[in-house]
2 protein chains.
Amino acid sequence: MMQIPTLPPAVVPRLTKYLALIQQLSSEGVQWVSSQDLADALGLTSSTVRQDLSHVDYSGISKRGYETTGLEKVLAGILGADREWKTVVIGAGNLGMALARHEEFLRHGFTMCGVFDSDEKKIGRKVGRLTVRGMRDLPAFVGSEMVQVGVLAVPASAAQSCADLLIASGIKGLLNLSLAHLIAPRTVAVMDSRMIASLIELTHAITLRQNPSSP
Amino acid sequence: MMQIPTLPPAVVPRLTKYLALIQQLSSEGVQWVSSQDLADALGLTSSTVRQDLSHVDYSGISKRGYETTGLEKVLAGILGADREWKTVVIGAGNLGMALARHEEFLRHGFTMCGVFDSDEKKIGRKVGRLTVRGMRDLPAFVGSEMVQVGVLAVPASAAQSCADLLIASGIKGLLNLSLAHLIAPRTVAVMDSRMIASLIELTHAITLRQNPSSP
DNA sequence: TAGATTGTTAATCGATTAACAATC
DNA sequence: TAGATTGTTAATCGATTAACAATC
């Protein structure tokens, strides 16, 4: 099996940016990309790009840069973006239903195989080709379908208890969309993508820019 | 007007976490919280919490900690979470429609006042109490309604051109939900909340945990 | 009072940038 | 060849942690 190098934490989010950009470039027929090209497109320095890519087992070529298709393959392998990931959504509210139907997930290898909600009234509703299931069915489903990823689209007040149930069911990773901070054992990976928190950071940045005291 | 101190970049995301937690605690009637309490709940060290809060014009009290209601007010002020922010969503797909109906936004001060799409077929559709408008109406709407925040729920391929239109219309900040990296002038704040990118970081973390080479 | 907790300084750690020899 | 670009080392910068006097 391929060796996955341990990467400095700050590098991983940038690798996902390189991958997204290179996928776009290679689909447009671009064959070579330099560290300066990547830096310009992503608002970084070429030095940072080269440092980051030095952690990756793929060499560029002087005077030409990196071959897009080769680098794309290596980055996808390191990040797990070359595999299928069975995914469930918890929460059949506006957001959860939208995510269950979101084609972008499938396009990036996340196979949506279940939507769960604790509200009895929502159980049985159709979401595309799926049907909303009750939370009581979650443990058996995760186990038998070997679901690896759970997306939490529930209110902050319910997030930790839903996470606990997913963890007890044997899930491997959680995407937390709620404002709550989740506690999980080290064996389970957790990533946050919290729109409300990002919006609040955004309003802070707007306020700073409107305030003449900042440089 | 209140003085907004310039904060180290790494501190701001944590302030949003402190605020979310303290809002919950104060709504539960908790009156005092120590740096150790906050650290335990959020997976930090008490030292980090005290360093962060030292940037904030609010003093704790030895032996008791910080008063929740007071700290909540100060953090909300610094982050802009004590104001109303007029917000539009660009993109009336699954995700955009769900966000336009999402009550969580309103509860955090983001007043949803418009949904826009370039697809003629979607114009006129109802989204809660709103109606989908065409992109051609965006500049006049942002100007006359004094919209400050734009949420981009469009495919990566359309993200930059939509951002350019919002910026030309005079928007103050953008929340980018697409996988694309956005280029914007320094006068416009941009924050990313990219679920697909977070999911890919998650699959990397899962892969690492399953690989015995890591510590 | 005794003890817990803050605020702050200094030390450590990690991330970014600059610089340049190697190389295609 | 001459020149552009990599890979890597060293320097700088910023963030985190440890430690402890001040204080309630």
Side-chain angles (χ1 to χ4, degrees), chain A residues 5-18 21-22 25 30-72 74-75 78 181 201 204-205 208 214-215, chain B residues 5-18 21-22 25 30-72 74-75 78 181 201 204-205 208 214-215:
Chain A
T6 301
L7 299 161
V11 172
V12 181
R14 285 196 298 266
L15 294 191
T16 69
K17 294 192 174 186
Y18 302 148
L21 182 57
I22 288 169
L25 291 173
V30 177
Q31 285 182 25
W32 294 91
V33 68
S34 71
S35 56
Q36 189 65 57
D37 294 338
L38 291 169
D40 290 345
L42 299 174
L44 306 167
T45 68
S46 68
S47 201
T48 299
V49 174
R50 289 199 302 282
Q51 277 278 17
D52 288 347
L53 295 183
S54 75
H55 297 288
V56 165
D57 184 26
Y58 188 76
S59 290
I61 293 177
S62 295
K63 214 178 163 176
R64 288 205 264 185
Y66 306 88
E67 224 198 324
T68 51
T69 52
L71 185 52
E72 182 184 348
V74 173
L75 288 176
I78 287 173
H181 175 83
E201 283 185 62
H204 169 71
L208 266 192
S214 67
Chain B
T6 301
L7 299 161
V11 172
V12 181
R14 285 196 298 265
L15 294 190
T16 68
K17 293 191 175 186
Y18 303 147
L21 181 58
I22 288 170
L25 291 173
V30 177
Q31 285 183 24
W32 295 92
V33 68
S34 72
S35 57
Q36 190 65 57
D37 294 339
L38 290 169
D40 290 345
L42 299 175
L44 305 167
T45 67
S46 68
S47 202
T48 299
V49 174
R50 289 198 303 281
Q51 276 278 18
D52 288 348
L53 294 183
S54 75
H55 296 288
V56 164
D57 184 25
Y58 188 77
S59 290
I61 292 177
S62 295
K63 214 176 164 179
R64 289 204 265 183
Y66 306 88
E67 224 199 324
T68 51
T69 52
L71 185 52
E72 181 185 350
V74 174
L75 288 176
I78 288 174
H181 175 84
E201 282 186 62
H204 170 70
L208 266 191
S214 69

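Keep in mind that what you see is a predicted model, and the values were worked out from it rather than measured. So you know, we letter chains A, B, ... as the sequences are listed, proteins then strands, and number each from 1.
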Taking the nucleotide of DNA chain D with the nearest heavy atom to each, does A/R64 or A/S47 sit closer to the 5' end? A/R64

By nearest heavy atom, map A/R50 and A/K63 onto DNA chain C; which one lands nearer the 5' end? A/R50

With a 4.5 Å cut-off on side-chain heavy atoms, are A/L7 and B/L208 touching? no

Pick base, sugar-phosphate or nothing for B/S35, based on heavy-atom distances below 4.0 Å to the nucleic acid. sugar-phosphate

Reading DNA chain D in the 5' to 3' direction, which nucleotide is the first one with an atom under 4.0 Å from a heavy atom of chain A, and which is the last? D/dA2 to D/dA10

D/dA22 -> Watson-Crick or G-U wobble partner, both distances under 3.5 Å, gives C/dT5

Using a 4.0 Å heavy-atom cut-off, does A/Q36 contact any base of the nucleic acid, only the sugar-phosphate backbone, or nothing at all? nothing

By the Watson-Crick or G-U definition, both distances under 3.5 Å, D/dT17 is matched with C/dA10

Does any donor atom in the side chain of B/S54 or B/R50 lie under 3.5 Å from an acceptor atom in the other side chain? no

For DNA chain D, whose closest nucleotide is more 5', that of B/Q51 or that of B/I61? B/Q51

Donor-acceptor under 3.5 Å (B/D52 side chain, B/V49 main chain): no

Minimal heavy-atom distance between B/Y18 and B/L53, with the atoms involved, is CD1-CD2, 4.0 Å

Measuring from B/I78:CD1 to B/T16:OG1, what's the distance to the nearest 0.5 Å? 12.5 Å

Checking side chain to side chain contact (heavy atoms under 4.5 Å, CB included) for the pair A/L15/B/H204: CA distance, chi angles, key distance, verdict? CA-CA 10 Å; A/L15 294 191; B/H204 170 70; over 6 Å; no

